[in-house]
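Questions regarding the structure given below will be posed in turn.
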Amino acid sequence: MCGLSGYLLTRPGLSNPEMRATLAGMVAALRHRGPDDHGAWVSEHAGVALGHARLAIVDLSSAGHQPMVSASGRYVFVLNGEIYNHNSLRNELECAGGTQAWRGHSDTETLLAGFDHWGVEATLTRCVGMFAIALWDEVERKLTLVRDRMGEKPLYYGWAGRGSERAFVFGSELKALRAYPGFEAEVCRGALAQYLRFTYVPAPRSIYEGVFKLEPGCLLTVRDVPPVEPPSIPLRPGQHYQGLAVQRWWSLANIVEAGVSAPLRDEHEAVQELEAQLNESVRIQSLADVPLGAFLSGGVDSSTIVALMQRQSSRAVQTFTIGFDEVGFDESPYARAVAQHLGTEHHEMRITARTAQDVIPKLAWMYDEPFADSSQIPTHLVCAAARQHVTVALSGDAGDELFGGYNRYFWGPRIWQRLAWLPLPLRKAFGQALVALPPAAWDAVGRHTSIARLSEKVEKLAVRLQTVRDIDDLYRSLVSEWRDPSHLVVGANGTTVVEPPSLLDESLPRCGVNHDAARMMYRDSMTYLPDDILCKVDRAAMAVSLETRVPFLDHRVVELAWRLPLEMKIRGNMGKWALRQVLYRHVPRDLIERPKAGFGIPVGQWLRGPLKEWAEMLLDEGRLRNDGYLQPEPIRQIWHQHLSGRYDWTPRLWSVLMFQAWLAKRSDVT
């Protein structure tokens, strides 16, 4: 896990020292991602520069130093991530006679040798891993940026500078791009509207005009020199713009369609195959030359990963969790029970409200663009706790999206089937009736139906039922906080902000997503997973120089998951059926079966108490008006409603607060 950065001048002409000085500033902005080593490579003639900040995980020697030049001299590249199967790739290269004497045993060197021998795309398809790559081809004078299949590693690109120093810039985080001299990108108000809807900025946009995210499973090529001006909208796969081209080298849609053509019908066989593939994924992701552990919440996903790790390990696996004092938010006893059963070396950190609140001022720097999933706070804290003992931690992320874990997958379609026949006025009345029942009564029902904090979910659903017109509309509403954010965002020069389309508007696979729940899972995997979950974990971990790995996102596990019929994922009121069968072979059922709660903290309560003054400062009507991005009136209205205690507008308020905090941090920097 590292940080990469670089640029390609639109008009080569800077001297080598000038280019290196610029690159050094970009690399320095990413030192938290790679504190162990840093490197630079520049070509004055081509106007290209590649920089790297290294967190040494495999081959800790100087033989793993980046940027690295291939044995042929054709390729120079930087890598952020890990190629888990690089040893088998080496064996394949050696059998093919395609390598010289190895300089070390890093996955970086293996990948470069593969590029030399097989070519770029053929090598990528052989790789099992997570990665973002910047590759310069000296022969074709071509820059290639690559992002892994599911979007575990981030990669931004855009334009910065002026005149002869104007450049196409790229990096693991926006910090690196902002460090380029003359970076003056404006806030993209369309992206701001998307952010307020989803609580994250969805790919392919970033919060800045002319700066974009490379989508998962895609590569971008720039031939010779890039265009001086950026495209007005982000390039999508299959599109070209003045020498720039984006193409998809791996497609989840294709995997979904292939899964339908080769389904696993026998339940015993399916569980056997799933356990075998997860075992292999955990095995190769447990290879490292530094201390390694795992996060453990005591839920299905993390418990499965830890159980398989411990089964393969000759000594106790180090596991990490954090506990809260607030009732309803502390899952540490469940993690402790699973750890005791498996015999791990368990580390539990107790977190006070003050400790969690102390993280808030760091969030704008940590996430680098507005990001409002409040579980970012406990995620960072558990990463910081783990970093005291290990350099790599495995996580259970992506189990929900792949195996049907979110409540909306089974409750959403079921409720809609029962209510779709009702005319909209009657559905509105029903929605109003739902919220008329006291929250305590709903939470009591939740305790008997395995849904934690049911009252919050009912309130959210009730509001949606009063406006949506079909199940897909319901899904979009469930993943939206501000339902019409374009009216909340103030347009530049009095213009009306048009919310741009997102990947939710993309065409669905031709088959495999006919069921409502399957469509939701596919859309979450394309959007919420990379742009929220994986982004959250990457920034929270990298802020303390911790590498995180996600065994569920081994692409072979993803492919197998889409071969499982829906009934092997969702049964009755329970998701992840097949995954649970794997887990129950290692952990007793009664240690796992409980309401799904998520990784939450009582932010809503804090906003009425210890965070009230901080929030009031950021939500001040005069401040909002002077900033010129958000309409004050609707924000002030929900703020007062939230303070009254009769409403819970935590997610909406948190999205505004995180934007305001980011805006203040940006102003301090600039």
Side-chain angles (χ1 to χ4, degrees), residues 150-151 197-200 202 252 256 297-304 331 372-376 379 395-417 446 449-465 468 471-481 503-504 508 512-513 515-537 550 552-553 557-558 561-562 564-580 583 592-600 651:
M150 297 296 290
R197 176 179 295 281
F198 300 117
T199 70
Y200 56 82
L252 181 60
V256 172
S297 69
V300 173
D301 303 331
S302 65
S303 297
T304 302
E331 293 201 302
D373 181 338
S374 62
S375 64
Q376 62 201 125
T379 300
S395 85
D397 291 315
D400 289 309
E401 292 83 358
L402 292 177
F403 299 101
Y406 292 132
N407 291 316
R408 60 175 170 261
Y409 296 156
F410 31 95
W411 284 108
R414 188 172 305 165
I415 290 174
W416 183 254
Q417 288 170 7
T449 54
S450 298
I451 302 179
R453 300 195 290 275
L454 179 59
S455 60
E456 298 175 17
K457 298 174 175 65
V458 167
E459 182 177 2
K460 189 173 184 178
L461 177 63
V463 173
R464 270 67 177 175
L465 286 174
V468 301
I471 185 64
D472 291 323
D473 196 15
L474 175 61
Y475 168 77
R476 186 178 180 86
S477 181
L478 288 171
V479 298
S480 300
E481 288 304 333
L503 295 188
L504 289 184
L508 291 164
V513 290
H515 193 283
D516 299 332
R519 277 200 306 285
M520 292 182 184
M521 292 164 63
Y522 173 77
R523 285 175 167 144
D524 277 345
S525 296
M526 292 290 289
T527 57
Y528 179 67
L529 176 62
D531 290 332
D532 186 302
I533 300 298
L534 299 179
C535 171
K536 173 182 65 181
V537 175
V550 187
F552 286 125
L553 289 183
V557 175
V558 175
W562 281 100
L564 298 177
L566 193 61
E567 59 268 20
M568 291 190 194
K569 298 176 182 178
I570 299 172
R571 291 196 178 178
N573 299 334
M574 192 72 73
K576 297 187 275 200
W577 178 86
L579 191 59
R580 290 173 187 272
L583 176 59
I592 301 297
E593 298 293 357
R594 65 181 186 278
K596 181 178 178 59
F599 202 19

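Just so you know, residue 1 is the first one in the sequence shown, and it goes up from there.
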Ala398 and Val550: which non-hydrogen atoms are nearest, and at how many Å?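 Distance-wise, the nearest heavy atoms are CB-CG1, 4.4 Å.
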What one should report as the nearest heavy-atom pair of Gly512 and Ala518 is O-CB, 3.8 Å
Let's go through Asp400 and Met521 carefully: what are the C-alpha distance in whole Å and the side-chain angles of both, what is the deciding distance for side-chain contact (heavy atoms from CB on, under 4.5 Å) to 0.1 Å, and is it a yes or a no? CA-CA 8 Å; Asp400 289 309; Met521 292 164 63; over 6 Å; no
Residue pair Val479, Thr527: steps toward the side-chain contact (heavy atoms from CB on, under 4.5 Å) verdict: CA-CA 10 Å; Val479 298; Thr527 57; over 6 Å; no
Only one of Asp516, Leu474, Ile415, Leu478 clears side-chain contact (heavy atoms from CB on, under 4.5 Å) with Arg408; which?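 It is Leu478, the one option of Asp516, Leu474, Ile415, Leu478 that forms the side-chain contact (heavy atoms from CB on, under 4.5 Å) with Arg408.
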With sequence neighbours left out, write down each residue that passes ring pair (Phe, Tyr, Trp, His ring centres under 6.0 Å) with Tyr200, or none if nothing qualifies.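 Counting only residues at least two positions away or on another chain, Tyr200 forms a ring pair (Phe, Tyr, Trp, His ring centres under 6.0 Å) with Phe198.
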What pair of heavy atoms forms the shortest contact from Val468 to Ser477, and how long is it?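 Looking at all heavy atoms of both residues, the closest pair is CG1-CB, 3.7 Å.
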Between NZ of Lys569 and NE2 of His515, what distance do you get to the nearest 0.5 Å? 11.5 Å
Over all atoms of both residues, closest heavy-atom pair of Ile592 and Ser303: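 Here Ile592 and Ser303 meet closest at CD1-OG, 3.8 Å.
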Test log, rule side-chain contact (heavy atoms from CB on, under 4.5 Å), inputs Leu583 and Leu579: CA-CA 6 Å; Leu583 176 59; Leu579 191 59; 6.0 Å; no
As an exercise, state the distance from CG of Asp531 to CG of Asp373, rounded to the nearest 0.5 Å. 12.0 Å
If I take atom CG from residue Leu553 and atom CD1 from residue Ile533, how far apart are they, to the nearest 0.5 angstrom? 11.0 Å
Atom CG of Leu534 and atom OG of Ser395: how far apart are they, to the nearest 0.5 Å?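 OG of Ser395 is found 8.0 Å from CG of Leu534.
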Non-hydrogen atoms of Asp524 and Glu401 that approach each other most closely: CB-CG, 4.0 Å
Picking from Phe410, Tyr409, Tyr528, Tyr406, what satisfies side-chain contact (heavy atoms from CB on, under 4.5 Å) with Met520?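 Result: among Phe410, Tyr409, Tyr528, Tyr406, Tyr409 is the only option passing the side-chain contact (heavy atoms from CB on, under 4.5 Å) with Met520.
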Can you measure from CZ (Phe552) to CG (Asp301) and round to the nearest 0.5 angstrom?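 Output value for this atom pair is 5.0 Å.
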Suppose we screen for side chain to side chain contact (heavy atoms under 4.5 Å, CB included). Which residues come up paired with Arg571, at least two apart in sequence or across chains? Glu267, Trp577
Between NZ on residue Lys576 and OG1 on residue Thr304, distance to nearest 0.5 Å: 8.0 Å
Check against side-chain contact (heavy atoms from CB on, under 4.5 Å), Tyr475 and Arg523: CA-CA 10 Å; Tyr475 168 77; Arg523 285 175 167 144; 3.6 Å; yes
Heavy-atom nearest pair, Phe403 first then Leu564, reads CE2-CD1, 3.9 Å
